[in-house]
Structure formats: C-alpha cells, structure tokens
Number of protein chains: 2
Amino acid sequence: MIHEPRYDCAIDAAMSVIEGRWKTVILCKLYRHGGPIRYNQLMGQIEGISPRIFTLQLKEMERDGIIVRKVRSTKPKYVEYCLSERGLSLLPILKSLADWGLKNMFSNMVEFNEDISVPSKEELKESGLC
Amino acid sequence: MIHEPRYDCAIDAAMSVIEGRWKTVILCKLYRHGGPIRYNQLMGQIEGISPRIFTLQLKEMERDGIIVRKVRSTKPKYVEYCLSERGLSLLPILKSLADWGLKNMFSNMVEFNEDISVPSKEELKESGLC
DNA sequence: CCGTATCCCAGCAGATACTG
DNA sequence: CAGTATCTGCTGGGATACGG
C-alpha cells in the first residue's frame with residue numbers, strides 16, 4: 001500500500017482525512033449544495049482544480065467513507081456524489097475551523113496587508129463556510 | 001515570500017496553520033505539558049523528528065502566532081516555547097478532531113485490521129489528545 | 001459524461017554533520 | 001543548548017490530451 005497512514009495518534013487520523021488541497025472545499029460545496037451532485041457540476045464549482053486531482057481527492061474521500069459515490073446507469077450513465085453520515089459529522093468541526101480562521105487569520109491580514117485582496121468579513125460570514 | 005497562502009477561504013486559512021507533519025503533535029505536547037518547555041526537552045518527547053524539521057515547524061507556528069518563543073539570556077542561554085492565547089484557542093477544535101478520528105477511523109482499523117498495531121481505545125482515551 | 005494517461009515540478013520532509 | 005548547513009528523496013499537486 002502506497003498510502004501508509006500515520007495512525008499513531010487520533011488527531012493525525014482525522015487530519016489525514018481532511019488534508020489535501022481541495023478536500024475541505026469539496027466538503028463545503030457538498031454541504032452547501034444539500035443533495036447529490038454530479039461530477040462535472042461539482043468540479044465546475046471549484047475554480048482552478050484539474051480533473052486528475054479532483055478525481056484523486058474524491059477517491060480518497062470515498063475510501064475514508066466521508067463521501068458516497070453513486071453510479072446511475074442511465075444513458076449515458078452519470079455519477080453523483082454526496083456527503084455520508086460520517087462526512088456530515090465532520091462539518092461542525094470544519095465550521096469551528098472556519099470560525100477560528102476568520103477570527104484569527106483574516107483579521108491580521110486585513111489589518112496589516114490592506115493591499116492583499118481578501119474577502120471582507122461580512123462577505124465571508126454571509127457565505128457561510130467557504 | 002515563498003509561503004504564498006491560499007487565503008481565499010477561512011477553512012484553508014485555519015488548515016494552513018495546523019497542517020504540517022508535526023504541528024498537531026507539538027500543540028498537544030505543549031498543551032499537556034502545561035507551561036513553557038525547552039527546545040530539547042520538547043523535541044525529546046517527539047519520537048522520530050529531526051532538528052531541522054522541528055525548528056521549521058516551530059518557526060511557522062511562531063509566525064502564525066500560535067506558539068511563543070522566549071529566549072532566556074542566562075549562561076548558557078536557553079529557549080522556551082509555550083502556547084499563545086491563540087494557540088490555546090485551537091485546542092478545543094483539535095480535541096474535536098481527535099474525538100472524531102478516534103470514533104470514525106480507529107474503530108474501523110481495529111475491526112478489520114487486527115494485525116496492525118494500534119493503540120487501544122482505552123489507551124487513547126486515557127492519554128487525552130495524543 | 002466521467003474520468004485516465006502521461007509528464008512534470010515545487011516543496012515538504014528526512015538524515016547527518018556541524019556551529020555560535 | 002539550540003539550532004544551521006547540506007544534500008537528497010518523495011509525494012502531492014498541476015497541465016494537458018486522450019479514452020470507454
């Protein structure tokens with residue numbers, strides 16, 4: 001197995017599930033969308049991601065049981081992704097992280113680096129998680 | 001600046017602070033130790049880390065304001081590290097992550113991979129975060 | 001429509017030796 | 001005591017083109 005997890009610690013176990021350039025974003029999008037969503041539709045909502053990486057992240061998340069992949073055998077077939085129960089149970093924690101980040105990181109940047117374009121606090125709060 | 005953060009999202013901001021092979025471990029150790037702790041003493045508690053990486057992680061965490069570095073100008077000088085207020089405010093979230101990991105990841109592994117040596121649930125619970 | 005295949009690269013991480 | 005210096009390797013991520 002290539003993926004040799006560092007499961008010596010419960011936090012590392014959890015971190016290994018949400019680490020990955022796009023995973024939290026994907027979780028947010030899935031949550032905010034509500035129901036099942038198709039591959040291309042989901043990818044379209046994530047600016048800057050390439051199909052290879054997108055698929056990779058999805059595969060890992062599916063393996064970790066936080067999302068569910070369903071194939072609809074219509075013609076042509078299509079695929080839907082949604083949060084699993086386990087994935088949903090992560091969202092309160094992600095929300096805490098977002099709150100913490102908003103409070104502790106963005107405030108600094110806005111204060112000291114006004115030239116950096118960063119969403120305003122209001123915009124971020126309004127938009128929820130992401 | 002080499003470190004070009006992906007601060008387009010509050011979660012990413014928070015993740016960028018705790019991502020890093022040893023950061024959560026270091027935070028746990030600092031928390032569990034309680035007060036200021038010296039460089040070598042802290043490193044000694046983290047099995048498998050090299051001084052270069054250790055220093056790197058500490059520097060980033062200091063830059064992000066979650067730990068504090070104090071130089072004591074005795075002879076010879078020594079250095080102490082401790083959690084900042086901001087760092088301390090992360091710990092409830094890390095605790096949630098640990099609980100989640102314990103519940104959702106270890107249970108599987110114990111069930112399906114009994115040959116993999118993993119701390120028992122009791123051991124993990126007893127030891128707190130890490 | 002939903003992905004693979006191929007190629008590429010930067011950056012993180014590790015080992016080890018050394019220093020103010 | 002608390003770090004640097006140096007070298008080296010791996011893996012995660014990216015661009016693009018193609019396939020069932």
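This is a predicted model, so every value here is computed, not measured. Each chain gets a letter, A, B and so on, in the order the sequences are listed, and its residues count up from 1.
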request  = Let me have a per-nucleotide readout for nucleotides 14-20 of chain D, 5' to 3', with B, S or -, counting only protein heavy atoms under 4.0 Å.
outcome  = BBB----
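Among the heavy atoms of the strands, none lies under 4.0 Å from E80(B).
A search for side chain to side chain donor-acceptor pair (under 3.5 Å) contacts involving D99(B) returns K95(B), not counting sequence neighbours. Looking at residues two or more places apart in sequence or on another chain, you find no ring pair (Phe, Tyr, Trp, His ring centres under 6.0 Å) involving Y81(A). Taking the side chain to side chain contact (heavy atoms under 4.5 Å, CB included) definition, one finds that K77(B) meets it with V71(B), V79(B), sequence neighbours left out. Listed by chain and residue number, W100(A) satisfy the side chain to side chain donor-acceptor pair (under 3.5 Å) test with S89(B) (two or more places apart in sequence, or in another chain). Here T55(A) pairs with Y39(A) under the side chain to side chain donor-acceptor pair (under 3.5 Å) rule; sequence neighbours left out. Here E80(B) pairs with R72(B) under the salt bridge (charged side-chain N to carboxylate O under 4.0 Å, His left out) rule; sequence neighbours left out.
As a whole-Å value, the separation of L56(A) CG from dA5(C) P is 11 Å. Rounded to whole Å, the distance from CZ on R69(B) to P on dC1(D) is 16 Å. If you take NZ of K23(A) and P of dG12(D), they are 9 Å apart, rounded to a whole angstrom. Between the CG atom of L58(A) and the P atom of dC1(C) there is a distance of 17 Å, rounded to whole Å. Residue F54(A) contributes atom CZ, which lies 15 Å from atom C1' of dT4(C) at whole-angstrom precision. Summarising the geometry, the separation between NZ on K59(A) and C1' on dA5(C) is reported as 13 Å, rounded to the nearest angstrom.
Contacts classified as side chain to side chain donor-acceptor pair (under 3.5 Å) and involving residues 43-54 of chain B (residues at least two apart or in different chains) are not found.
Phosphate proximity of dC2(C) to R72(A): absent, as no side-chain N or O sits under 4.0 Å from OP1 or OP2. In this model, the phosphate group of dC1(C) is not approached by any side-chain N or O of Y81(A) to a distance below 4.0 Å at OP1 or OP2. When the side-chain nitrogen and oxygen atoms of Q57(B) are compared with OP1 and OP2 of dC12(C), none of them lie within a distance under 4.0 Å.
Axis angle, first five pairs versus last five pairs of the helix from dC1(C)-dG20(D) to dG20(C)-dC1(D): 60°, rounded to 10°.
A distance of 8.0 Å separates CZ of F54(B) from CG of N40(B), quoted to the nearest 0.5 Å. Remark: M15(B) CE to I18(A) CD1 distance equals 4.0 Å, nearest 0.5 Å.
DNA chain D lies under 4.0 Å from at least one heavy atom of each of the following residues of residues 38-47 of chain B: R38(B), Y39(B), N40(B).
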